[in-house]
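Since the structure comes first, as structure tokens, the remarks are kept for the end.
Chain letters run A, B, ... following the sequence lines, proteins first, then strands; residues in each count from 1.
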Amino acid sequence: MTVRTRFAPSPTGYMHIGGIRTALFNWLWARKNGGQFILRIDDTDQQRNMDEALGPILDAFRWLGLDWDEGPEVGGDHGPYFQSQRRDLHDAALEKLLASGAAYRDFEAAEDTRAQREAAEKEKRVYLSSRVSAGLTEAEVTEKLAAGETHVVRFLIPRGRTVSIDDHVRGHVEWDCGLMVDPVIARGDGSPLYNFATAVDDGQLQITHVIRAQEHLSNTPAQVLLHEALGNDLPEFAHIPFVASPGGRKKLSKRDVDKYRKSPAFQKLFQLGDEVLSATGIDPADQSLSPVMVAYYREVGFLPAGVLNALARLGWSLDDETENMSLQTVQQNFSLERVVKASAGLDPDKLMSYQSYWMGKLSAEEKLKGCVDMLVKADLVPENPDADTLNMVAAVVKLAADRIRVFGDILGMDEFFVSADTLKYSEKDFQKRVVKPEPAVDLLRELRQLLATTDEFTADAMHIVVEGFVEQKEIKFGQIAPALRLSVTGKAKGADLFPTLELLGQEECLRRIDRAIGTAESMKVV
RNA sequence: GGCCCCAUCGUCUAGUUAGGCCUAGGACACUGGAUUUUCAUUCCAGUAACGGGGGUUCAAAUCCCCCUGGGGUCACCA
């Protein structure tokens with residue numbers, strides 16, 4: 001039988017990083033087995049703008065390169081793939097269950113049901129559905145219906161037996177039906193509820209493997225019973241661990257981003273993200289993007305390969321040593337048997353490590369393209385840049401080498417894309433390296449003369465000039481290099497100094513040194 | 001609270017199904033050193049774990065029981 005897996009997101013306007021991990025495992029299992037991966041949109045009745053709500057979800061799949069065989073935009077033989085459009089299927093299934101007596105119309109007032117539940121809770125006994133309505137004769141039901149009495153439809157749990165599954169990751173799990181409440185499967189208005197719609201849809205879509213997060217384990221007995229009553233082939237189940245917050249055990253949640261912001265484990269990621277996001281005109285504080293969302297990583301300049309690698313290794317391993325894996329490698333080696341049982345915390349450090357690895361694998365062209373896009377977004381480079389600009393960016397990217405782990409890191413090298421008069425100094429370092437040391441300004445002034453009279457302004461030539469200068473003045477390299485770096489780049493750290501000078505060019509370097517000298521002197525006066 | 005799930009370095013994990021090859025392996029992070037006259041990289045080294053208690057056995061991280069701890073879920077949400 002062909003393996004068919006599905007991922008059924010609700011259109012919420014963003015794609016959760018944990019959600020896409022579940023989708024990834026479904027995709028992997030389908031691809032590994034030459035099967036189909038289906039995307040079904042579990043939208044309910046009142047939904048907001050569908051483009052707005054679904055767009056980001058499909059974008060996330062496309063960005064990561066996870067294609068779907070059936071679903072929105074691609075169609076398929078088992079459609080429609082929007083749950084809201086499958087109502088006739090649900091209605092027919094509901095009729096079937098009603099007719100067979102597997103379900104009953106419950107006319108009990110909602111407040112009565114609630115009161116019973118609360119009473120049971122108070123008395124510390126198990127609450128079970130009263131089933132008063134289940135005992136109604138056909139005539140009585142017809143009468144109530146004619147009288148327009150509102151009712152829900154409940155599934156009649158076969159008490160006195162157990163349900164069990166042999167879960168691919170959890171093993172044998174069993175539930176006592178005698179403890180289960182008859183679940184509502186249709187609302188007062190006749191619309192289907194999740195557990196019921198899911199069973200109907202999974203059955204009709206011929207899903208063979210339901211791979212979903214562990215939190216759904218408690219939904220499983222009801223769904224299994226529903227499948228039985230519907231006469232569906234029972235799918236196999238794999239309840240995978242959910243993605244937990246860094247350091248914690250709790251489900252990673254959009255609601256807790258404020259807390260994550262304070263967590264040490266998340267510190268570096270937030271810092272990087274804040275810088276990149278604000279440079280590209282997105283306010284990091286408004287939480288339209290956060291590390292809980294897939295889009296966050298794209299906007300900060302992560303690679304699909306990096307994110308995918310981290311996600312795959314969260315709760316799954318190939319063996320005892322393989323860490324860096326392409327999607328293809330994971331796909332070839334994926335197995336549900338090697339999925340771990342315990343929930344796994346997302347580790348931003350490890351994610352960054354995978355990311356750096358894959359960034360290192362990129363060709364110069366790909367790297368250049370990613371960086372250019374980022375620079376354009378940050379307005380440091382014009383849209384559709386000319387060849388000169390492109391060459392400049394390429395040179396910077398090459399010089400930056402592995403300092404660029406994510407494309408957003410190029411924005412930290414903005415000194416190459418601004419003019420001498422708009423260059424920003426790192427205040428503290430400038431004080432420490434240029435203003436405070438007594439001879440720094442004088443040395444800079446003298447060195448400037450030397451640099452100005454050099455015909456050949458190359459990295460090697462500059463190196464020789466500065467070395468000669470150091471020798472002649474009988475100072476240490478460390479007494480002039482930091483000041484020079486600060487003057488020219490505004491920063492204390494960065495790429496190799498002499499190639500940096502060459503890249504900036506003689507004129508620009510001189511302008512920057514002049515400005516630094518002026519600035520330092522005015523600071524000294526005050 | 002009921003039901004269910006889970007438990008190896010700080011983190012992600014290997015090892016658990018078929019007990020011995022485990023004086024518990026790898027990776028990330030961290031610390032130290034070398035290289036790089038900054039930073040980043042690279043290289044080398046180091047710190048660091050079987051939650052506790054009982055069994056079974058010649059032998060237990062691995063099997064059994066109890067405890068503890070963590071988590072999920074208990075809707076006319078999905």
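Taking the side chain of A:Ala342 as heavy atoms from C-beta on, and the options B:G71, B:A78, B:C6, the nearest nucleotide is B:C6. Candidate nucleotides B:G71, B:C6, B:C5 were compared by shortest atom distance to the side chain of A:Val173, and B:C5 ranks first. Among the nucleotides B:G26, B:C3, B:A14, the one closest to any side-chain atom of A:Leu179 is B:C3. Closest to the A:Ser10 side chain, of the nucleotides B:C39, B:A78, B:C76, is B:A78. For A:Lys251, the listed nucleotide lying nearest its side chain is B:U73; candidates were B:U73, B:A78, B:U38. If you check B:U11, B:C5, B:G26 against the side chain of A:Glu323, the one that comes closest is B:G26. Taking every side-chain heavy atom of A:Arg338 into account, B:G15 is the closest of B:G15, B:U13, B:C3.
Contact check on A:Asp429 versus A:Arg433 returns no salt bridge, with no Lys/Arg side-chain nitrogen under 4.0 Å from an Asp/Glu carboxylate oxygen.
Annotation: ring pair (Phe, Tyr, Trp, His ring centres under 6.0 Å) contacts involving residues 156-176 of chain A, sequence neighbours excluded, comprise A:His168-A:His209. Listed by first and then second residue, the salt bridge (charged side-chain N to carboxylate O under 4.0 Å, His left out) pairs that reach into residues 470-481 of chain A are A:Glu446-A:Lys473, sequence neighbours excluded.
Shown here, B:C28 forms a base pair with B:G10; the pair counts as Watson-Crick or G-U wobble because both key distances fall under 3.5 Å. Of all nucleotides present, only B:U73 satisfies the Watson-Crick or G-U wobble test against B:G2, with each distance under 3.5 Å. The partner of B:A48, taking Watson-Crick or G-U wobble pairs whose two distances both stay under 3.5 Å, does not exist in any strand shown. Nucleotide B:U62 forms a pair with no other nucleotide shown, judged by Watson-Crick or G-U wobble geometry with both contacts under 3.5 Å. When both distances must be under 3.5 Å, the Watson-Crick or G-U wobble mate of B:U23 does not exist.
In this structure, A:Thr220 OG1 and A:Leu226 CG are separated by 12.0 Å, a value rounded to the nearest 0.5 Å. For the atom pair CG (A:Asp460) and CZ (A:Phe498), the distance works out to 10.0 Å, reported to the nearest 0.5 Å.
Atom C1' of nucleotide B:A27 and atom OH of A:Tyr357 are separated by 13 Å, given to the nearest angstrom. A straight line from CG of A:Asp320 to P of B:A27 spans 11 Å, rounded to a whole angstrom. One atom, NZ of A:Lys491, and another, P of B:A40, lie 15 Å apart when rounded to the nearest Å. Atom P of nucleotide B:G72 and atom CZ of A:Phe237 are separated by 22 Å, given to the nearest angstrom. One interatomic measurement links the two molecules: CG of A:Asp347 to P of B:C30, which rounds to 11 Å at whole-angstrom precision. Atom NZ of A:Lys341 and atom P of B:U13 are 13 Å apart (whole Å).
When each of A:Val169 and A:Gly315 is assigned the nucleotide of RNA chain B with its nearest heavy atom, A:Val169 is the one assigned upstream, toward the 5' end.
Contacts between residues 215-223 of chain A and RNA chain B, defined by a heavy-atom separation under 4.0 Å, are made by A:Glu215, A:His216, A:Leu217, A:Ser218, A:Asn219.
At a cut-off of 3.5 angstrom, the base of B:C5 holds no donor-acceptor pair with the side chain of A:Arg170.
A side-chain N or O of A:Arg338 and one of A:Ser317 form a donor-acceptor pair less than 3.5 Å apart.
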